[in-house]
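Throughout, a chain's letter reflects where its sequence line sits, starting with A, and its residues are numbered from 1.
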Number of protein chains: 2
Amino acid sequence: MSDIAKRVGTSVAAVSVTLNGAKSTTLRVSDDTRKRIFEVAEELRYKRNPMAGALATGRTQVLGLMLPSQDAYAAHDPFYSLVTTGVTACASTHGYNVMLYSATSEEEGDRAASMIDKRVDGLVLVSPPKGTPIFAECQRQGIPVASILGEPEEGPLQIRSDDYQGGLIATRYLVSLGHRRIAHLKGREHIATTQPRLQGYLDALKEAGIAPESEWVVPGDFNRETGRESTVQLLRRANRPTAIFAANDLSAHGALEAIRDEGLKVPGDVAVLGYDDTWYATVTRPALTSVRMHIEELGRRAADLLIRHLEGEAPTRDTEIIVPVSLTIRESCGGKAISM
Amino acid sequence: MSDIAKRVGTSVAAVSVTLNGAKSTTLRVSDDTRKRIFEVAEELRYKRNPMAGALATGRTQVLGLMLPSQDAYAAHDPFYSLVTTGVTACASTHGYNVMLYSATSEEEGDRAASMIDKRVDGLVLVSPPKGTPIFAECQRQGIPVASILGEPEEGPLQIRSDDYQGGLIATRYLVSLGHRRIAHLKGREHIATTQPRLQGYLDALKEAGIAPESEWVVPGDFNRETGRESTVQLLRRANRPTAIFAANDLSAHGALEAIRDEGLKVPGDVAVLGYDDTWYATVTRPALTSVRMHIEELGRRAADLLIRHLEGEAPTRDTEIIVPVSLTIRESCGGKAISM
DNA sequence: AGATTTTGATTAAGCGCTTAATTTTTGGAT
DNA sequence: ATCCAAAAATTAAGCGCTTAATCAAAATCT
C-alpha cells in the first residue's frame, strides 16, 4: 500500500480507503486520485494482506466449519460433503472463506473448544453434542455460532431439518401403501434428529390407528453394519414387519443387505424407506425411497444466517430456521403413489 | 499478553517468547518467571491472537486446500472427502489449519488464482489442470504448492499415484482370469491420471500377446451416466468384450447398470473392474473389484511434503512422490485368484 | 469581501504479536 | 573488592492495514 501511495503521491490512508470502497469515514478521495490509485494497484499487482486487515479490524472474513469426528460414524456419509458444499458456496458469495476444523472423537469438546480462536469470525457446527463446551468457549470469545442439526439450545443460531415431519411423511407413505407392520430402525442415540423422527413415526402410526409394538423400534447408529444387524433381528421375529423405516440411507442399505441375506425380496416381502436422500440412495439396488433433507440447503442457510448476524444486518431474534423435508420415491417401497 | 506481562511484572516480549517456546532468541527467561507466566496465562484464559502473530511473522500456519469444481464431475465422488481427510489429519498433527477453496468451474484458473493471498502458507491443489495460472500466481506470491494427481510440471511439489501400475495390474488380473477381449472405459480427458492408466492397460495387453482393438477403448469422464452410455455402445458391438476396466468406480457403476439393462450378468457375462476403491466399490451389486489408490494417503503425503518444505526441513530435491497402488478383489470379476 | 461549508486530503495512533538490539543483574573467578 | 561472562531481562521497532482526528484549500453563501 505504501508503494502505491508513494507512486500516486498520496497517503496510505487514502489508498486503504479507496481500495476497500470504505463507507463511513471522514476521509474523501477525488475521482482523479481514486482512478490513479486503482491504476497503480493494478500495475503493481497489489494484493492486500488479509492478516494485517484482520488485525486492524478484528474481522477475518473467515467462517469456521466444524464437523464431528469422521471416523466415529459414517466416514462415508455424503452428508458432510454436502454440508460443506452448502456452507462454502454461501460463504464465498459473501466474500468469506471457510476454515475446516474436524474434531476427532477423542478430542470431543474440550480439545475442540481449544482450537477456537480469533482466526474465525463465526463458527458453523454440525450436529454438535448437547451442551458441548464449544458453545461456552465461543461465547467467551464472542464468536457467534450456527449449529446445524443440533439439539435446541440457548445461544447458538440454529438450523434444523423438520425431522418430525420427516418421520411423519415417511410412515404415512408406508401406511398408504397398505403396510400395517412397520418397523423403525432408529438413528444414533443422543443425536438431535433421532427423537423427532421416531416421534413422527409413532404419531403417523397412531394416526392410522395402528398400535405400535415396542419391538418394532430397533437400535441403530446411522451405520450400514448396525442397520444390517438390527434388521436381521427384526426379520427373525415371529411376526416380522412388512416395512422398515430407517433413520438414514446408510442403515437402510444395511437393511437391504440383511433382507437379501435372509432370502427375502425388496420391496416384495419387505419395503425399505431411507432418510437423507443423498446420492447414496440412488446407488443401492433397489434404489431407496428416502426422505430428502436438503442437506446442502442446511449448510447454505447456516452460513447465511451466521454472516447476516456478523454483518449486524437486522438482529433478527428468529435465530432458528427449520428447513422442510420432502419424500423422494424410488424403488425400495414399490408403489408409485402419492407425493407428499 | 500485555495483561499477563503486567500481572507477572515483566515485559510483553518475555511473555511472547515464553508462551511460544521460542527457540533462537537472545531473550532468556528464568524458570521462575516462566512458571508464573504460564500460571497467569492459564488464569486469564489467555488466547493468542493468530492474526497478530501472522502479521508479525509472515506465517499463518494455514494450508489452503483447493478442490476442483465439484459440480463439474463427480460431486458424489468420495475421493474429495478422502483427500480432505488426509490433508486435514496431517496438517493438524503439525499444528496447521486447513482452509477450503473450491474453485467452481467457471472461475477456472484466473478466478481461482485471484483468491490466493497471504492467508495461507502453502497450497494443496487437487488434480489441477495442466499449467493453471494458479501455479504462476503462487510462485509470484512465494506460496509453495503441492499438487495431487497433477500433470508433471515444473515448480510444484507433486504427489501422484502410480496410475500406470494401476492400469497394468488391473488388466493383468483380468487376463489372468482368462479374459481376452478387455475394454477400457477411459477417464476424463486432460486429467493426468487418464493417460497412464490407459498405457498400463495397453502394455498389459501387449504383454499377454493380445492385440488391442481400438474400439475397445471408449470415452468416459468419471461419471456414472457416461460410464453407462459408453458401456451400452460397447455391448451392442458385434463381438462384445468379456471384461471392462473402468477408470473409476463411478463409471464402473454405470457400466454395471448398463450391463444389467442389456440383460447380461456380472461377472458371468461381463466382468467389471473399477478404480479408486473408495467405499463406493462396496455399495454396488455386485461389489466392485477395484484398484486401490490410497487416496487419504495422497492427501496426507501432500500436506506432509508441503509442511516439511515450509519448515525448511531438508530442502529435498525429491519433490515428487509416487504412491503405490494395490488391487482389491471383490465380486465384479468373479475369480478369487491372485493378489498383486 | 468575509464567513461558512464542502471537498480532499494528511497525520497519527493502534491492532497484538515478534525479534533484534541493548541494558541490567547475578554469580563466579581472580 | 574487582572484573567479566552468563543469565535475565527491557526497549523499541516493525509487520501492513484501518480509522478517527485534524487540517488546508476550494467552492458556496450572504
Exercise: identify the closest heavy-atom pair between I134(B) and A112(B): CD1-CB, 3.7 Å
Pairwise side-chain contact, V323(B) with I321(B), heavy-atom cut-off 4.5 Å (strictly under): yes
State plainly whether the residues E296(A) and R301(A) are in salt-bridge range, i.e. N to O under 4.0 Å. no
Pick base, sugar-phosphate or nothing for V17(A), based on heavy-atom distances below 4.0 Å to the nucleic acid. base
Under 3.5 Å donor-acceptor pair, T26(A) side-chain atoms to dA21(D) base atoms: yes
Look at all strands and tell whether S30(A) reaches a base, only sugar-phosphate, or nothing, counting heavy atoms closer than 4.0 Å. sugar-phosphate
In whole angstrom, what separates K6(B)'s NZ from dT10(D)'s P? 14 Å
Measure the distance from CG on D31(B) to C1' on dA9(D) and round it to the nearest whole Å. 14 Å
Check this one for me: any side-chain N or O of T33(B) less than 4.0 Å away from OP1 or OP2 of dA9(D)? yes
One character per nucleotide, please: for nucleotides 12-17 of chain D, 5' to 3', B when the base has a protein heavy atom closer than 4.0 Å, S when only the sugar-phosphate does, - otherwise. --BBBB
Side-chain N or O of R28(A) versus OP1/OP2 of dT7(C): is the shortest distance under 4.0 Å? yes
Would R308(A) and D304(A) satisfy salt bridge (Lys or Arg N to Asp or Glu O under 4.0 Å), going step by step from the backbone distance to the final call? CA-CA 6 Å; R308(A) 269 176 150 68; D304(A) 186 61; 3.0 Å; yes
Side chain N20(B), main chain S16(B), donor-acceptor under 3.5 Å: yes
Give a yes or no answer on whether the side chain of T33(A) reaches the backbone of S30(A) with a donor-acceptor pair at less than 3.5 Å. yes
